*Asks:* 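I have a structure I would like to understand better, so I am pasting it below and will then ask my questions one at a time.
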There are 2 protein chains.
Amino acid sequence: MIIVRETTKIGRMSRYDPSAFPPFAVTVDLVVLTVRDHELCALLVKRGEAPFQGYWALPGGFVRLDEGLAEAASRELAEETGLRAQSFPGSLPVGQTPAGVHLEQLATYGHPQRDPRMRVVSVAHLVLAPDLPSPRAGGDASSARWAPVSELLGEEQCDGVPLAFDHGRILADGVERARSKIEYSSLATAFCPPEFTVGELRRVYEAVWGVVLDPRNFHRKVTGTPGFLLPSGGTTTRQGGRPAQLFTAGGATLLNPPMLRPEP
Amino acid sequence: MIIVRETTKIGRMSRYDPSAFPPFAVTVDLVVLTVRDHELCALLVKRGEAPFQGYWALPGGFVRLDEGLAEAASRELAEETGLRAQSFPGSLPVGQTPAGVHLEQLATYGHPQRDPRMRVVSVAHLVLAPDLPSPRAGGDASSARWAPVSELLGEEQCDGVPLAFDHGRILADGVERARSKIEYSSLATAFCPPEFTVGELRRVYEAVWGVVLDPRNFHRKVTGTPGFLLPSGGTTTRQGGRPAQLFTAGGATLLNPPMLRPEP
DNA sequence: CTAATAGTGTCTGTGAGACACTATGGA
DNA sequence: TCCATAGTGTCTCACAGACACTATTAG
């Protein structure tokens, strides 16, 4: 039987007795990814207090008792970067602003010893943003930076030092989510400014996947997928060469057939 | 034991002050899916106490302070069904027993009002199991049942009554995860007994997707994908007709190219 | 025999990858 | 002029879907 009424034993209490339950702290952590200078980068903040004082960590913070998880992630994002990401209910919490900043729940990490001081369960969220001017962390610019994920992954370290807590694993999971999700969705446009060229979108795929794609086949593929790109009418030569058409993200979210990530 | 010292300033406390944090209850809920009689079914338990007394709900329970999330899900699964699912660390917590029972984290649900009594954050997990004899809920068989998801979804109700809490949405998310994951992984074998035929595997796909697949093309596809199926040598006529080769699940987890789910 | 399922072979259309070729700007 | 990038056309191979046909059991 599931129900036990003794409230003294934390591990064996009634399943839904509201007066006695094991108390957890719940936080949100953010994997904020962008493409800068042909490289996939993640936002890191420097910890100012123990434990892991002086280590780089993912931005995040406590969930308040009166706010939802996506709401908390959104608030932390705004507090630490000034970005605004709108969340709305859906099949798995996913949000996207008109500007293209994308927020979705990633996974939850709750190993009993992941925080040495107390039992913390962290609901990690993934944010995909276009290239941003420069990070600010609550006004303190020196304690936040964009770090290329290639330096962070593999060894899971930053300047030779691992990230705080289990943030190396969370970051790796977030990067893998982003890499696989741009295969079958139009999410790569979240890394682009409101108007972008096919070449700029291709460079996003190349940076996220770390590969080189054939420009001609890529062009044929993305312009031939209905709903992926909407021509905005204008052109630009900001990449040099022949003027390129400008596009905005189309309404389609799922790409069928998907973009294929080349094998190693 | 963790003590909350400052209960007055819940919303504005220091990010990592261990002596003061908003206290949450953390639970795991389980979306346990199986294929019975050509139908995708989910395990439900009947609630014996308020709120939602008498309603059907997903199995689940509190996470203990000394166990991880997958561990808690595993324990609840064993307590409520007798199944054993092994969990191990990986990119997003995923586990699979030799017998094929598969456990993975699904998503986390933490709307402030999802439980009317207190603030509960629930980490939902997805379990895929082969057809099982009959459910038992801690020995109380009358309070657990397999319900076809077709009756539960769409209207998100059961016998005309919705599931307790937000379990209708959690179930819908779990079913969608299962439906999409058998496209590009060999996870459909988790619904099969240790040895199975190509026809039995095809009926799993048909039940989960709710479609009819061409037996010849399906056979060519799955037997032609390296690492998906391993011939076990034996044959069976349990489905009638010509004896069919028996297979076990191969080592491959990702199918490339994927199985294609037919359009409506 | 018939019924049922298992398994193979063949054709066709779609689309990805490779790559030649043309188009249009700037230095 | 050269050089860079944009964009089109064409060929080939892989593979999904449709479906004819054979194989092997039970009844």
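All of these numbers come straight from a predicted model, not from anything done at the bench. We name chains A, B, ... by the order of the sequence lines, and we start the count at 1 in each one.
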*Asks:* When you measure from the side-chain N and O atoms of A:Arg202 to the phosphate of D:dT5, is any distance below 4.0 Å, counting only OP1 and OP2?
*Replies:*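 No.
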*Asks:* Can you check the B:Gln245 CD to C:dT5 C1' distance for me, whole Å?
*Replies:*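 That distance rounds to 14 Å.
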*Asks:* Please identify each residue that fulfils salt bridge (Lys or Arg N to Asp or Glu O under 4.0 Å) with A:Glu206, with sequence neighbours left out.
*Replies:*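 Applying salt bridge (Lys or Arg N to Asp or Glu O under 4.0 Å) to A:Glu206 gives A:Arg202.
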*Asks:* Regarding B:Arg179 and the six-membered ring of B:Trp209, is the cationic atom NZ or CZ under 6.0 Å from the ring centre and inside 45° of its axis?
*Replies:* no
*Asks:* Taking atom P of C:dA4 as reference, at what distance in whole Å does atom CD of B:Glu200 sit?
*Replies:*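 These atoms are roughly 18 Å apart.
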*Asks:* Can you list, in residue-number order, the parts of residues 211-226 of chain A that come under 4.0 Å of DNA chain C, counting heavy atoms only?
*Replies:*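 Output list: A:Asp214, A:Arg216, A:Asn217, A:Arg220, A:Lys221.
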*Asks:* Side-chain contact test, heavy atoms from C-beta onward, threshold under 4.5 Å: evaluate it for B:Thr236 versus B:Pro243 and give yes or no.
*Replies:*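 Heavy-atom side-chain distance check fails, nothing below 4.5 Å.
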*Asks:* Hey, does A:Arg261 have a side-chain heavy atom less than 4.5 Å from the side chain of A:Val211?
*Replies:* no
*Asks:* If you check every side-chain atom of B:Leu260, which of D:dA16, C:dG7, D:dA6 has the closest atom?
*Replies:* D:dA16
*Asks:* For A:Ser122 and A:Asp29, does a side-chain donor sit closer than 3.5 Å to a side-chain acceptor?
*Replies:* yes
*Asks:* Between D:dA6 atom C1' and A:Leu201 atom CG, what is the distance in whole Å?
*Replies:*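 One finds 14 Å between C1' of D:dA6 and CG of A:Leu201, rounded.
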*Asks:* Any donor and acceptor pair, going by atom type alone, linking the side chain of A:Asp37 with main-chain N or O of A:Glu39 inside 3.5 Å?
*Replies:*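 Such a contact is absent between A:Asp37 side chain and A:Glu39 backbone.
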*Asks:* Say whether A:Thr248 and A:Glu195, considering side chains only, have a donor N or O and an acceptor N or O under 3.5 Å apart.
*Replies:*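 No.
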*Asks:* Between A:Arg177 and A:Asp173, does any NZ, NE, NH1 or NH2 come within less than 4.0 Å of an OD or OE carboxylate oxygen?
*Replies:* no
*Asks:* Quick one: A:Asn256 CG to C:dT14 C1', roughly how many Å, whole number?
*Replies:* 12 Å
*Asks:* Specify the residues of residues 233-243 of chain B, ordered by number, for which at least one heavy atom lies under 4.0 angstrom from an atom of DNA chain C.
*Replies:*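 Only B:Gln239, B:Gly240, B:Gly241, B:Arg242, B:Pro243 qualify.
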*Asks:* Go through D:dG7, D:dA16, C:dG15 for me and flag the one nearest to the A:Pro257 side chain.
*Replies:*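 When the side chain of A:Pro257 is considered, C:dG15 is the closest of D:dG7, D:dA16, C:dG15.
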